[in-house]
Amino acid sequence: MIVTLLLISSVTFLLMQKLPGSPYGNEEKLTNVQKAVMNHQYGLDKPVVVQYLYYMVGVAKGNLGVSLQFGNQPVSKIIATRIGPSVQLGIQALIIGTVVGILFGIISARFQNTWLDTSTSLFAILGGSVPNFVFAVLLQLFFAIDLKWLPIGLWDNGFASSILPSLALAITPMADSARFIRTEMIDVLHSDYIELARSTGVDEWTVAFRYGLRNAVIPLITILGPMVASLLTGSLVVEQIFAVPGIGEQFTKSILSNDYFTIMGLTILYSTLLVIVILIVDILYVLIDPRIRLIGGTRDE
Amino acid sequence: MKKISKRVSALLGTLLMVVALTGCGSNASGSNSSSKSSTGNLASKQVLNWVTTAEIPTADSVKEYDTVSSEQIDIFAEGLYKINGKNDPVPALAAGKPQPTNSAKTQYIINLKKGLKWSNGAPLTANDFVFAWRRLFDPKTAAQNASVYFNIKNAQAISEGKKSVDQLGIKALSDTKLQIDLINPDPYFEEKLSSENLFPQNEKFVNSKGSKYGSSSADTLSNGPFVLTDWDGTGLTWKYVKNKYYWDKKNIHLNQINVQVLKNTSTGVNLFQAGKTDAAPLDGDFVKQFQKDPRYHNVLALRATNLEFGTSSNKYLQNENLRKAISLSINREQLVNNVLDDGSRAATGIIPKGIAKSPVDGKDFTEVAGNQSPYNKAEATQLWNKAKKELGTSKIAFTLLTDDSTGAGNVGQYLQSQIESALPGVTINISNVPAKVRFQKMMSYKFDLALGGWTGDFDPVSFPQQFYSTFEHNHAQFKDANYDKLIDKINSPADLKNLEQRWNDLLAAQKYLLDRAVVVPLDQGSENYLINPKVKGIVTHNLGAPFDITRAYLVK
């Protein structure tokens, strides 16, 4: 894990040096002398290797540096103040997305080739191909502007503020889980042990949920890993549409403005999250399917 | 002295086109006096729900360099002068006009009002200005806007680390008396003193916060009409409450201002129409949609977009007839009305509208200069034919650098079609790149054509000055001894003390550049907002922050 993170941050640090231009917002007015003075202030005039060592020593001490576009705010503070809403939306979207998606998938598989299957599949295809910001705007238009049930945007109304953005973000996991579960369930429902279960007189829903789902969910868990990481780290467009103070936008903005330390801080955050999620996914495999074992070293069987 | 100050205020009008956003209502205009008379009509709840388009990058006034920060800092802080609703600079913390102490007009005495206080109750003294100004030029601060004020004695040397901060041309002669030394006389001195970078800072407070100063409301000290609160430093919302220590608090009507950052125009318009906010920023298609709405307000910014030539690196572009042909082939009216359609103005020269007014008759620079960037397709084709003979070729391909934004892409395509149709044989290849890449190429002076721009500050000379031979941002690398002489003259004490002469020299400089088509002016950008008609007393500026909402009030 540590090695992966070290590798990711080193490569990012080196690639970042290739970004054109300087990190100064007022670049179009600065003279070269001023730029040199400022580079010196931020230690950007040192050789890349020295900069890298300084930075990594800082990170080891828990110092992620300061943001160059946000008037020297510490990067750790940017993350701390903006990650909350993104994580909340991410978790809500994940729960809504997977629960509804799995239900849709099972219904599709259970009623294969009926109108129910066709309509849930159509929904899954739409959800997978139409970007979530289109749904965001439609949800806003329908539930907030026409029906006035929910706030148009802003983050000042507690849970109510989080419903529409969560729904918009839930579309992708919903569509993905529905498609995966449907395919897997159709396979599983035609397998021998399910036939056996049916023959013992267990009713069809119990078969599907108790015996089928457990096997069908494994591939879904695999794709959920990266999905969780990307959901928790926010979405640029959805956050902008609902005026949510999340972290989604910061990464894009920091790259566009050469905000070196913010790029690094967020890269480390994202990759740490991803590595942790992948670890959790591995553990989940074992819990769901006892046949899978986490093996340390080789073993003769 | 009186004469000068009259001239200064005449020029000021030039700097600021202040539009009272009060519409045609009979009960109110932007000025303070009439707002008082309408107090009877005030709504009982004086809370403004204001919006802006981005987070505050910094609340540290010396580090500010962008529109969002400057607009926000103006709400909770104040400097020696400010621009009022009648287009004049008026003393804010200063007790009167600056008093020159020498005939060269390079040394001034400014007295502060008595009894000024910070929002924590501490006295605000002349030393707070000395401290802030030294901090502005201290290389350790890395203030990005410092070069605007290099006319203050020793400022440049200090910012480059060659002199110590105590050699800066500002002294506190007493708690309320400042002495300021300039290098050259400055007709825009009072205007510059109204800019946030030169606001005072409380030494004790700033030092106690260290590098955290200005990074949240708790780490920021106010001295303006309002006090900044509930700002965590990176959030999308913050508030202002009335400052009980403000010297002019009797003219402040709002009790609270809630600010919300809105980055999505459509959401902003929806919130505005649902009555959640009192304003909404507009762009692109939304400007088109609301242009005729009485709640629509447009403020021209001092942001000029130009088609720039990489003359030094492309031998074809060294042909004057070709450059002129390109300039003549562009229909700027069509560009702003059909392609941009976002409230921009078709450029008529390199100096935009609203920055300079004639010292003789008060007319805007653009009006006096007339349209020096006309559209004439027939003449363009004719000049192109001439250029072909001179260059000995009939086919030329250029790469046009533009940013990778939709707007810049559309302008690029429009220019491509205009130039290619008027100058058969010229091919324009568009290269859409991130802004930083385009800028880097322009600064290397190796490019053909580029969609560039310049945003002005207080002195109109910054626009023609871009083409001074040794100026780093002279992307065309235009080098002309006569032109340099002209710019030197504009910046000489003789011109700085004789504004009519300077005005004529500015006109001559623009003409000199455009006669040679050194650059092709395209358009002037603008800020576009919807504003609740019940909000009165908002003042808009072309310069710096587009809106001053501190004296605003809500009517029933």
Side-chain angles (χ1 to χ4, degrees), chain A residues 19-34 36-42 66-74 77-82 133 136-137 140-141 144-145 148 151-156 236-237 239-247 249-250 253 255-258, chain B residues 55-60 63-66 69 139-148 156 159-161 211-212 214-216 232-237 258 260-264 266-268 270-271 273-274 276-277 433-441 443 452-455 457 462 471-473:
Chain A
L19 284 174
S22 78
Y24 309 116
N26 204 22
E27 194 175 10
E28 311 218 348
K29 290 279 179 74
L30 292 178
T31 63
N32 286 335
V33 178
Q34 275 180 294
V37 169
M38 293 182 41
N39 282 339
H40 182 70
Q41 281 307 316
Y42 293 110
V66 293
S67 163
L68 300 166
Q69 51 167 343
F70 258 127
N72 298 352
Q73 300 269 14
K77 182 179 162 192
I78 295 181
I79 295 176
T81 51
R82 306 280 301 243
F133 55 84
V137 173
Q140 191 183 51
L141 198 68
I145 295 168
K148 297 191 170 59
I152 295 170
L154 310 187
W155 196 247
D156 56 357
L236 166 84
V237 195
E239 284 174 9
Q240 285 200 356
I241 289 175
F242 293 104
V244 174
I247 202 157
E249 170 198 36
Q250 298 307 317
K253 211 166 115 185
I255 294 173
L256 288 178
S257 59
N258 285 11
Chain B
E55 293 96 338
I56 308 182
T58 178
D60 184 344
K63 287 187 185 162
E64 169 276 326
Y65 61 84
D66 67 294
S69 284
K140 283 197 200 94
T141 313
Q144 297 200 35
N145 224 15
S147 65
V148 174
Q156 182 163 6
S159 81
E160 290 170 2
S211 64
K212 273 175 26 192
S215 65
S216 76
D232 68 7
T234 60
L236 297 183
T237 55
N258 303 320
Q260 172 69 47
V261 175
L262 288 172
K263 299 182 183 183
N264 184 285
S266 140
T267 304
N270 289 335
L271 286 166
Q273 293 192 321
K276 299 270 177 207
T277 57
V433 294
K436 295 252 177 196
V437 176
R438 167 186 64 82
F439 190 66
Q440 200 177 41
K441 287 202 176 166
M443 288 305 287
W454 185 262
T455 303
D457 30 62
S462 79
F471 188 60
E472 282 171 34
H473 297 252

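Not measured: the values here are computed from a predicted model. A note on names: the letters A, B, ... follow the listed sequences, proteins ahead of strands, and every chain is numbered from 1.
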Check your understanding: Tell me, side chain or backbone of B:V261 under 4.5 Å from chain A's heavy atoms, or both, or neither?
Key -> backbone
Practice item. May I ask you to decide if B:G233's main-chain N or O and A:K77's side chain share a donor-acceptor pair within less than 3.5 Å? Key: no
**Study point:** Main-chain N/O of A:F242 paired to B:T267 side chain as donor or acceptor, under 3.5 Å
**Key:** no
Practice item. Heavy-atom distances under 4.5 Å only: say whether B:D232 touches chain A with side chain, backbone, both or neither. Key: both
**Study point:** Part of A:Q34 within contact of chain B (heavy atom distance under 4.5 Å)
**Key:** side chain
Practice item. Tell me, for B:N145 versus chain A, whether the close heavy atoms (under 4.5 Å) come from the side chain, the backbone, both or neither. Key: both
Exercise for review: Indicate the atoms forming the closest heavy-atom contact of B:K436 with A:G21, along with that distance.
Suggested key: CD-CA, 4.2 Å
Point to revise | B:E55 side chain reached by A:Q73 side chain, heavy atoms, under 4.5 Å | key: no
Practice item. Tell me, for A:L141 versus chain B, whether the close heavy atoms (under 4.5 Å) come from the side chain, the backbone, both or neither. Key: neither
Review point. Which heavy-atom pair separates B:L271 from A:G153 by the least distance, and what is that distance?
Key: CD2-N, 4.3 Å
Revision key, fill the gap. The side-chain contact (heavy atoms from CB on, under 4.5 Å) partners of B:N258 (sequence neighbours excluded) come to B:V47, B:N49, B:K239, B:Q256
Practice item. Look at B:E160, B:K212, B:M443 and state which one has the largest set of heavy-atom pairs under 4.5 Å with chain A. Key: B:E160
Point to revise | A:E239, part contacting chain B, at a heavy-atom distance under 4.5 Å | key: neither
Exercise for review: Examine distances only and state if a side-chain atom of B:E472 and a backbone atom of A:N32 form a donor-acceptor pair shorter than 3.5 Å.
Suggested key: yes
Practice item. Verify, without hydrogens or angle tests, whether B:K263 (side chain) and A:A243 (backbone) share a donor-acceptor contact under 3.5 angstrom. Key: no
Study note, to complete from the structure: Cut-off 4.5 Å, heavy atoms of chain B, and the answer for A:I145 is side chain
Check your understanding: By a 4.5 Å heavy-atom criterion (distance strictly below it), what part of A:V244 contacts chain B: side chain, backbone, both, or neither?
Key -> backbone
Study note, to complete from the structure: Interface check, chain A: of B:L262, B:T234, B:I56, B:T141, most non-hydrogen pairs under 4.5 Å belong to B:T234
Exercise for review: Could you tell me whether the side chain of B:T237 reaches within less than 4.5 Å of the side chain of A:D156, counting heavy atoms only?
Suggested key: no
Exercise for review: Assess whether atom NE2 of B:H473 is packed by more than 12 heavy atoms of other residues, nucleotides or ligands within 6.0 Å.
Suggested key: yes
Study note, to complete from the structure: So, the part of B:P139 with a heavy atom under 4.5 Å from chain A: the answer is both
